[in-house]
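Note on naming: letters A, B, ... go to the chains in the order of the sequence lines (proteins, then strands), and numbering restarts at 1 for each one. What you are looking at is a predicted structure, and each value in this text was computed from that prediction instead of being measured.
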Amino acid sequence: MSNILRKMSYEAIVIGGGGAGMRAALQLTESGLKTACITKVFPTRSHTVSAQGGITCAIASNDPNDDWRWHMYDTVKGSDYIGDQDAIEYMCSVGPQAVFELDHMGLPFSRTEEGRIYQRPFGGQSKNFGEGGQAARTCAAADRTGHALLHALYQGNLKGGTTFLNEWFAVDMVQNDDGAVVGVVAICIETGETVYIEAKATVLATGGAGRIYQSTTNALINTGDGVGMGLRMGLPVQDMEMWQFHPTGIAGAGTLVTEGCRGEGGYLINKDGERFMERYAPNAKDLAGRDVVARSMVLEILEGRGCGENGDHVLLKLDHLGEEVLESKLPGICELSRTFAHVDPVFEPVPVVPTCHYMMGGLPTNIGGQVLYPESESETRVVDGLYACGEVACVSVHGANRLGGNSLLDLVVFGRAAGIQIEKSMREGYQSEAASQANVDAAMVRLNTLNNSESGESISEVREELQKTMQLYFGVFREGDSMQKGLELLRELRIKVSNLHLQDKTGAFNTDRIEALELQNLFEVAFATAISAEQRKESRGAHARNDFTVRDDENWLKHSVYYPLEERLGKRDVNFSPKTMEAFPPKIRTY
Amino acid sequence: MSDKRPVNLDLGTFNHPLVSVISICHRISGVVLFVGLVFLFNIFDSSLSSASEFASAQALLQDNFFAKFVTWGLLSSLGFHFSAGMKHLVMDFGHGEEIDSANRAAKFVIALTALLSVLAGVWVW
Amino acid sequence: MLTVSIYRYHPELDEKPYMQDFQVDTGGKDIMVLDVLNLLKIQDRSLAYRRSCREGVCGSDGMNINGTNGLACITPLSSVVKNNKLVLRPLPALPVIRDLVIDMDQFYKQYEKIKPFLLNDTPAPGIERLQSPEEREKLDGLYECILCACCSTACPSFWWNPDRFIGPAGLLQAYRFLADSRDTATEERLAGLDDPFSVFRCHGIMNCVTVCPKGLNPTKAIGHIRNMLMTRAT
Amino acid sequence: MVTTVTSYGRSGLSDWLVQRVSAVILAVYSIFMVLYLLLNPQIDFVQWSALFSGTGMRIFSLMALLSLGAHCWIGLWSVSTDYLKHFAVRFVFQMVVGLLMFIYTIWGVQLLWGL
């Protein structure tokens, strides 16, 4: 098989056309760098489109005295103290500017009577560093904020003239002899052609990987392609055990029902009609951190107070809000409930269950989006030419648990920051050696193997097995023994994943090939998750263990770092040095 | 490659909602009326030329089945084109732009056309 | 067992498209059309279709389902299947790349033509541009479009002039920006639309309204554009 | 965005408006004629030609004639640009329609003023 690929050259490429990728692409295009955004689906089909409730940011619309430092405090607390405080400080302080830019780009935010952006209460939000009660800080466009944001960003990029390579799938990154990333091998899905896309800067903005679980709010395209590519290149990933289970996925379907429902006054009830969150979080109740609410729900179900025939879900009560509020503030939720739960929230509560939602972990980066290689607990080095932003990155602003509305802020702030950093690097004269033929060939190995497969495992069966294993052994509650069992199963699966049979070898729009490549990425993510989860021997944020039920700050006030080549878990210091203020010290986290 | 690409435009496999059927029929009736102009202008020419030609045109319309049928066809087309055109004008003023109201309007157009066609038949025969 | 008849075409293997029948065991459940396709994909790995969010917000899986355009992921079998038969064809009028996957370039071009981005020639303030709730309400029913192309490809005017008629999706967005109090390019936008094709090919057929999976109404938006053109001209 | 030489006013709005105004005139004219004939079932040549020799009726008829020309042209031009994809075919069709409408108009004028 011929290895000489057609080459396309750019100064910078962004892999991923979701919120983070398009924000980065916009920044890069505006800076005048020759940029292409490579995206496996047309940009507006990216998963950002499904975000509902809003983008949390202290723009001081709802409360004129609101302060980004309060937002920072909430985020640090929400992260269960393993969020990096310099990054959180940056996100919360730069946030307002990034949000105003979105408005100027045309994002149709809902409005207050004063004409400002409407903000609603979300979980884990407080005023005055937790002392001033519930805050309303999440900027919203009804309950379609992600959709509005993604379209506004796409429109901004159209205006700016960004080059898009729509429906191109990144297979693997190309590393030169110095170890710098110099682009990516990608497939044009429409024709099946494989091309080496050369770039001095490669930005991974490939989003999450919620599809490692059987029940997830994530789109079918959320297959962790960036993490997969990074791991195959030998790059370590951070905090991969930290998976957020969103309290309110529609039971059975897995589709998301925004936290904004509870922000607007909805609450959860068990089969006795009891508002059980009053017991678990007496102050914040239904607006406690997502990890807290999700665990409480699972406990209710495990203790026999679940609803429905099988007692396997609880109910989200919304009818008391009245039809007018529901139709104006939560129209999308009404639509989704009717379609997927066959329930009209105007009259009946919606059956919900905690569902895999967000990957807090990912490739460690600094504030400028540069991917870091942790050499030891305190030392890191920059991986030349490689950047990451959005869900694929672990900068880390979410630590062990992300607050609702912070993901959209994360992706615009750090997409933008990555663009700014690249522009700076280029102006400073960043250069990298061109890739050799051997370098490009290395990135073609897995595709070639797949293309040459004559027999082997069924893609859909292996994927289903993987998802079941993750769901069963690495869910909301975890335990050492069962995780070891899960790991064993995953090791068996690894053999199958490396022996997939690609039945369809044709070129044009070959989704069989894409699904196989995606499955391999999913597996890498799942395996990193499993190792990290099994070895973090404490409970923190979203990582809840039955055998280590308390937080262990002495040993684990650390990022976990999974090194793929040695299948080893290391640790990395958390940043407690924000630039403009004192760090928030770890406290017991209650809501 | 793109030249070879097929296009799915097999109209027989699509559902055509009533409103869209009304629309295409509006167009068809318009073309029918356009073709019928030859007939109308000839009749009109005869009717104004002289008393005798007027009488023979009158006779044609009263006795010749074919002429009667054409007249009825044109009157029915006119009735339909007129009714559907009214619906258009009403829509231009911002009414009947919702699916329900548009469907009601479409049904009304059909009913009105049917009535007008029957009346035209009675008149012609 | 459900009989599913699917439009098949592979540019490298087939001269012409053809219909292929499959039998699918739905377990007697009222699943979505997309679920059926996912089941079929296990049977036949070569079947090509787009999908992403599987909840009706990304607009990937627009297709012609038993004769009507819609999103596979939010169309339950019970709403379309008659006589135990499901017929899936690609969206009409645009070239087929493979099976149910169409080339949407022409559709996107029409969208880009209307300058789908906010234009404002005044300097941006340090905060957001203020907009009253009433002004914002004008964007409801417009900004929700997911660009699935169900409407435009159901529109006969678009079938015959996909290169010259903007089509319902693009026009809905044209009006979305005309109606935005933060946009100052009204005159420029209207000037670009006053030709015999871009807007005026709309004959009020309303197939767009019938099929829109988000319940939006392009016909109405087009009416508003026409009124603005009228006001501008008189 | 799309200009076309053969369009009537070369502006979509003027075509659209002409189509509406001419439609109303034709509708009123049609109703008048039908009602007139219904109310005068025993009409003879004298009465018929007297009707068309009045100035008012001549103006009314001329308006209808011109409306007919414009209405047909815009309608059929639009039909031709939808279905006739071959340039030459479309051009010939449009010329035939244009010529016919010209002939009808002159013919009508001659009839009305030839009385």
What part of [X] gets closer than 4.5 Å to chain C, counting heavy atoms only: side chain, backbone, both or neither?
X: A:Leu256; result: backbone
X: A:Phe109; result: backbone
X: A:His147; result: side chain
X: A:Asn510; result: both
X: A:Glu335; result: side chain
X: A:Glu167; result: side chain
X: A:Ala253; result: backbone
X: A:Asp504; result: side chain
X: A:Gln503; result: side chain
X: A:Arg338; result: neither
X: A:Thr48; result: neither
X: A:Leu336; result: side chain
X: A:Leu107; result: backbone

Less than 3.5 Å apart, any donor N or O on the side chain of [X] or [Y] sitting next to an acceptor on the other?
X: C:Lys29; Y: C:Ser78; result: no
X: A:Thr511; Y: C:Lys41; result: yes
X: C:Gln106; Y: C:Lys109; result: no
X: A:His246; Y: A:Thr355; result: no
X: C:Asn69; Y: C:Thr153; result: yes
X: A:Gln119; Y: A:Asp63; result: no

### Task
Below 4.5 Å from any heavy atom of chain A, which atoms of C:Pro125 appear? Answer side chain, backbone, both or neither.
both
## Note on the structure
Among C:Ser132, C:Ala124, C:Gly59, the residue with the most heavy-atom pairs under 4.5 Å to chain A is C:Gly59
### Message
Tell me if the centroids of the rings in C:Tyr18 and C:Tyr7 come within less than 6.0 Å of each other.
### Response
no
### Query
According to the interplanar angle, ranging from 0 to 90°, do the rings of C:Tyr175 and C:His224 count as parallel (below 30°), tilted (30 to 60°) or perpendicular (above 60°)?
parallel
#### Entry: side-chain hydrogen bond (donor to acceptor under 3.5 Å, both in side chains) assessment of C:Arg129 paired with C:Thr122
CA-CA 10 Å; C:Arg129 291 183 196 279; C:Thr122 62; 3.1 Å; yes
